Amino acid sequence: MTSRTPLPPSPAELARLHEDVVTWFASAARDLPWRRGVSPWAVMVSELMLQQTPVARVMPVYEAWMDRWPTPAALAADPPGEAVRAWGRLGYPRRALRLHAAATAIVADHGGQVPRERDALLSLPGVGDYTAAAIISFAFSGRAVVMDTNIRRVFARVVSGVQFPATAVTAAERELATALVPDHVPHVWAAATMELGALVCTARSPRCQECPVAELCGWRAAGYPAHEGPARRGQSWEGTDRQCRGRLMAVLRDAVTAVPKASLDVVWPDVQQRERCLDTLVADGLVEPVDADSFALPGHR
DNA sequence: CAGACGTGGTG
DNA sequence: TCACCAAGTCT
């Protein structure tokens with residue numbers, strides 16, 4: 001307990017917070033394709049794509065995806081490898097596989113409609129605590145405690161008075177977020193706080209001059225103290241399995257037909273590591289051996 | 001629960 | 001330039 005436990009704001013402060021954030025959102029919200037009253041499936045697709053991936057990079061892939069697979073049934077009818085191919089360079093291609101598996105489950109277990117119950121959503125591949133809440137909130141205008149990296153940062157600063165939230169969500173943090181969800185249009189609150197974190201209360205250089213709740217901000221009131229505690233673990237990259245897997249997947253993605261193993265061999269010099277990565281890709285279901293000497297994306301014909 | 005898992009833009 | 005960061009999930 002090195003950091004002080006934040007006291008929930010008074011009812012008056014809470015009302016002010018809600019009003020100021022929601023009012024700001026009404027004029028500042030970006031016109032994103034998945035915010036235009038689209039289907040729950042479209043919201044779900046956007047959420048999977050946005051996991052750890054910036055909006056700008058998601059946009060074109062999302063549009064092409066929805067044109068091609070406007071329903072879960074449409075996606076489920078195609079082989080998973082096509083989903084992986086269409087995922088392009090969004091990164092974390094297992095998400096494409098999970099989205100395909102989720103579509104299949106939605107067809108099999110939910111009549112082809114994205115379910116609206118939290119438990120049903122959580123049982124779908126690729127849907128965790130955040131994404132389930134986001135779908136409930138953004139697709140169904142329901143009440144949910146949405147906690148993504150943006151919202152967590154906004155609450156950490158405004159309410160708790162610290163620069164960054166803890167690495168993992170704490171019980172106290174969840175209680176706070178729950179207490180902050182308003183009775184009226186809770187889904188707008190979720191979208192508005194997320195947008196505030198994305199556009200104003202950013203990680204690197206927050207635009208406090210433009211912040212609608214600067215006057216209420218605990219971090220500002222405290223004089224912007226620097227983050228205490230362990231720095232975030234940097235993600236290593238050069239020479240990692242992740243880089244190797246990425247290289248292999250790029251070859252498979254860009255090939256129309258099965259790829260001879262020799263074509264994979266040339267993209268990574270370390271034989272041991274290359275073989276290991278190819279094995280894990282196959283184990284993950286991202287790659288399928290076609291015969292003794294060639295590979296392809298899963299489900300290819 | 002810490003670590004694996006892609007990719008590319010940017011302060 | 002080069003770490004850091006981006007609407008997380010799974011094990």
Side-chain angles (χ1 to χ4, degrees), chain A residues 25 29-30 32-35 42-62 84 87-99 101-102 121-139 144-155 163-171 177 187 190-199 201-207 227 230-253 267-268 273 276-277 280-281 283-287:
Chain A
F25 182 63
R30 290 167 293 178
L32 301 174
W34 43 87
R35 284 182 177 163
V43 171
M44 180 170 169
V45 169
S46 76
E47 288 303 337
L48 268 286
M49 289 184 173
L50 287 164
Q51 290 169 4
Q52 298 285 284
T53 307
V55 166
R57 211 176 324 151
V58 165
M59 216 113 58
V61 179
Y62 165 86
V84 173
W87 199 255
R89 308 187 67 78
L90 285 185
Y92 293 149
R94 289 191 289 192
R95 292 182 294 165
L97 229 40
R98 290 174 186 152
L99 189 50
L121 287 166
L122 285 175
S123 76
L124 297 173
V127 178
D129 186 71
Y130 160 75
T131 303
I135 292 172
I136 290 169
S137 190
F138 306 142
V145 181
V146 182
M147 279 205 287
D148 79 318
T149 187
N150 290 307
I151 291 176
R152 293 186 64 210
R153 188 174 56 248
V154 168
F155 291 172
Q163 186 178 20
F164 294 117
T167 304
V169 176
T170 64
H187 61 288
T193 47
M194 192 177 300
E195 193 78 334
L196 186 62
L199 298 183
C201 195
T202 59
R204 224 91 71 93
S205 333
R207 300 164 168 78
H227 181 62
R232 245 205 264 193
R233 265 189 67 76
Q235 311 169 341
S236 57
W237 177 246
E238 199 59 34
T240 59
D241 283 6
R242 297 164 79 176
Q243 185 183 28
C244 179
R245 287 165 54 107
R247 292 259 186 93
L248 297 174
M249 287 306 296
V251 174
L252 276 295
R253 240 183 358 244
V267 300
W268 197 262
Q273 186 178 21
R276 172 158 45 84
C277 286
T280 64
L281 286 172
D284 287 346
L286 282 164
V287 174

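Just so we're on the same page: letters track the sequence lines, and every chain starts at 1. Not measured: the values here are computed from a predicted model.
Taking the P atoms as reference points, C/dC4 lies 15 Å from B/dG3, given to the whole Å. Distance noted for atom C1' between C/dC5 and B/dG6: 14 Å (whole Å). Using C1' as the reference atom, B/dG8 and C/dC10 are 24 Å apart when rounded to the nearest Å. Comparing the C1' positions of C/dT11 and B/dC1 gives an interatomic distance of 10 Å, to the nearest angstrom.
Within 4.0 Å (heavy atoms only), A/Ser46 reaches no atom of the nucleic acid at all. Here A/Arg276 lies out of heavy-atom contact (under 4.0 Å) with every strand. In this structure, A/Trp34 reaches the bases: a heavy-atom distance under 4.0 Å links it to at least one base atom across the strands shown. Note on A/Ala134: nothing from the nucleic acid sits closer than 4.0 angstrom, heavy atoms only. As judged by a 4.0 angstrom heavy-atom cut-off over every strand, A/Thr167 is placed among residues making no nucleic acid contact. A/Arg152 comes within 4.0 angstrom of no nucleic acid atom, judged by non-hydrogen atoms across all strands.
For A/Arg57, there are no salt bridge (charged side-chain N to carboxylate O under 4.0 Å, His left out) partners two or more places apart in sequence or in a different chain. A/Thr240 pairs by the side-chain contact (heavy atoms from CB on, under 4.5 Å) definition with A/Ser236, A/Trp237, A/Arg242, A/Gln243, not counting sequence neighbours. When the salt bridge (charged side-chain N to carboxylate O under 4.0 Å, His left out) test is applied to A/Arg204, no partner is found at least two apart in sequence or on another chain. For A/Tyr130, there are no ring-ring contact (aromatic ring centres under 6.0 Å, His included) partners two or more places apart in sequence or in a different chain. In terms of the side-chain contact (heavy atoms from CB on, under 4.5 Å) criterion, residue partners of A/Ile135 (sequence neighbours excluded) are, by chain and number, A/Met44, A/Val114, A/Leu121, A/Thr131, A/Ala139, A/Phe140. With sequence neighbours excluded, the residues forming a salt bridge (charged side-chain N to carboxylate O under 4.0 Å, His left out) with A/Asp241 are A/Arg276, listed by chain and number. The ring-ring contact (aromatic ring centres under 6.0 Å, His included) test applied to A/Trp34 returns A/Tyr62, not counting sequence neighbours.
Side chain of A/Glu195 to backbone of A/Phe25: no donor-acceptor contact under 3.5 angstrom is found.
Here the side chains of A/Arg35 and A/Phe138 are not in contact, with every heavy-atom distance at 4.5 Å or above.
Interface limits on DNA chain C: the 5'-most and 3'-most nucleotides within less than 4.0 Å of chain A heavy atoms are C/dC4 to C/dC10.
Nearest-nucleotide positions on DNA chain C for A/Leu50 and A/Pro125 put A/Leu50 closer to the 5' end.
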**Q.** Under 4.0 Å protein heavy-atom contact, by nucleotide of nucleotides 4-11 of chain B - B base, S sugar-phosphate only
**A.** -BBBBBBS
